[in-house]
Amino acid sequence: MLQPGLSENEMTAVTPALDAVASKEPAPLRASVRNLNFFYGDNQALKGVELPIVEGKVTALIGPSGCGKSTLLRCFNRMHDLYPGNRYQGEIILYPEGINIVAPEVDPMLARLRIGMVFQKPNPFPKSVYENVASGLHIRGIRNRSEVDGRVEAALRQAALWDEVKDRLQESAYGLSGGQQQRLCIARTLAPDPELILLDEPTSALDPIATAKIEELMDELRGAYTIVIVTHNMQQAARISDFTAFMHLGHMVEYDVASLIFTNPTEERTRSYITGRFG
Amino acid sequence: MKPLAAQPSRRLSDAEIVARAHRSDRNFAILGLSVLVISMIVLLSLIVDFMVDGLGRIDLDFLTSFPSRRASEAGILSAWVGTTLVMLVTTALAVPLGVAAGLYLEEYAPRNWITHLIEINVTNLAGVPSIIYGLLALGLFVQSLAMGQTILVAGITLALLILPIIIVATREAVRSIPLEIREGAYALGADKWQTVSGYILPTARPGILTGAIVGMSRAIGETAPIITIGALTFIAFLPPSPVQDTFPFINFNWLNSPFTVMPIQMFNWVSRPQAAFHVNAAATGLILLLMTLLMNAIAIWLRYKIRRSMR
């Protein structure tokens, strides 16, 4: 169900549905989108979007092509600021400080230093496996050899890639398979220990086996990390997400516990989409 | 209304379509090959001609002797040393400046009409005749700034000449970097300089290198601007050595030394009436060609190494 009047008390309790999932505990939020409008020039791509992001959970954004799900995801780390003419209106609050990361006075880098992103197409840098994972640490000025070594190994283990690459850390990342490259990108995102991880259709360029590995990986990261994933694959959303948000034409149509969205959606449009009548 | 299908055109059979495709492929391949062969024959005959005339003249004495009034004793020592030193100055100035300017235009400059105007002018500068650069250098460096007809002035002039080539090549190389690399770096929290220096520039290196070599290959053969600034055609001494045995062991006096370069030496000999000097000119031309080829070979090798380290 859509939450039209999210207020200050959402920090403690969002909806009864969320409480149910969080076993009677109030669901702590990692972030919260409030009345967010986004414009590509004159073209409004997001219209008054509301969305809570629950700490330690996987939130999936689904919807037909062009519904604004990737646009919304890219608002979280201010990727739109790389291109001229884009404009945000409204708030994405990042907790616990409660800063609005889309406010014009907040530097985009501030959001990107705290929020990691994995892209649709695996995009390793033309460097070694090791340097790829260490990139985020080097960018943050972390140069201490033993610390970097340790965090690179930890990130690669978390991304379930360590065993496959531990003997070829100094080899080019381009030598890895597509699925390995994507897990490398996940490791690269994990290494700086982000507060929120954005995944933009991370498996759409991968074969089913590589996809299964990534999904498995997300399941293991659940709890330790807060994840927002855009997917066009509804089975995937149903399999891996705790909460699912359905978007259509720039609107947030419905947000709920994943099992409810896929079994008993409130909105007719959601029902049509998940039963395959459009999209 | 009359139906459009009134006169059905005869449909080609599948076999005919395939045959037609093969025919046009073959026709174009033959056309391309003949153009290629013709241009290669012209180039090869030039090289062969140089070799027939000049190869016998090339020996150690030719490389280690100064020019002389007697053709058989003349050598190109001052010319190849001059060319090498001028190219050193040109490269040291044009490559860092050109790469920095290209990066600025592509990554930093605001997208407005001033930037656009600069971009159009840079592209046009690449097509300005080299003698114009010579005139500029003569007026500005040699006369107004009284810098003299030195290696430094020649190096600056040629650097100006090839700067647009390097700027354009840098911009092309930077622009061809996949968006994903750029976004990936920014998404990790990199600032602009970290993104440019750590991810964009290294990825663009092969393209930039190609541009730099194209520029240098042009500079090494330039004669007109060097003659315009007044390089001497007869030099029987070397510039002061850049290394010395007393502290600080290097000196830059050679920058202010008069000089000559290979194309001028060649031009000088070609314009003599005696046939023996023409042989010298051919030999000089052959060595100039070799220097250019060597430069290109080094660039190809470097590019291959960089590409392999990135694969």
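Every chain is numbered from 1 and lettered A, B, ... according to where its sequence line falls, protein lines coming before strand lines.
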Review point. A:Arg112 and B:Leu188: side chain to side chain contact (heavy atoms under 4.5 Å, CB included), yes or no, with the steps?
Key: CA-CA 6 Å; A:Arg112 295 178 196 141; B:Leu188 274 176; over 6 Å; no
Exercise for review: Write out, in numerical order, the residues from residues 292-299 of chain B with a heavy atom short of 4.5 Å from a heavy atom in chain A.
Suggested key: none
For [X], is it the side chain, the backbone, both, or neither that has a heavy atom closer than 4.5 Å to a heavy atom of chain B?
| X | result |
| --- | --- |
| A:Leu82 | side chain |
| A:Ile115 | backbone |
| A:Pro124 | backbone |
| A:Tyr83 | side chain |

Check your understanding: Looking at A:Pro84, A:Ser135, A:Gly116, which one has more heavy-atom pairs under 4.5 Å with chain B than the rest?
Key -> A:Ser135
**Study point:** Under 3.5 Å: donor-acceptor pair, side chain of B:Gln194, backbone of A:Ile139
**Key:** yes
Under 6.0 Å from the [atom1] atom of [X], do we count more than 12 heavy atoms belonging to anything else shown?
| X | atom1 | answer |
| --- | --- | --- |
| B:Arg111 | CZ | yes |
| B:Ile30 | CD1 | yes |
| A:Asp42 | CG | no |

Point to revise | Inter- and intrachain pairs under side chain to side chain donor-acceptor pair (under 3.5 Å), touching residues 68-79 of chain A, at least two apart | key: A:Tyr40-A:Thr71, A:Ser70-A:Asp200, A:Arg74-B:Glu183, A:Arg78-A:Asp81
Revision key, fill the gap. What one should report as the nearest heavy-atom pair of B:Thr203 and A:Pro126 is OG1-CG, 3.5 Å
Practice item. Mind listing the closest non-hydrogen atom pair of B:Gly184 and A:Arg188 along with its distance? Key: CA-NH2, 4.3 Å
**Study point:** Nearest-0.5 Å distance that lies between atom NZ in A:Lys127 and atom OH in B:Tyr199
**Key:** 5.5 Å
Review point. Checking heavy atoms, do the side chain of B:Ile177, its backbone, both or neither come under 4.5 Å from chain A?
Key: neither
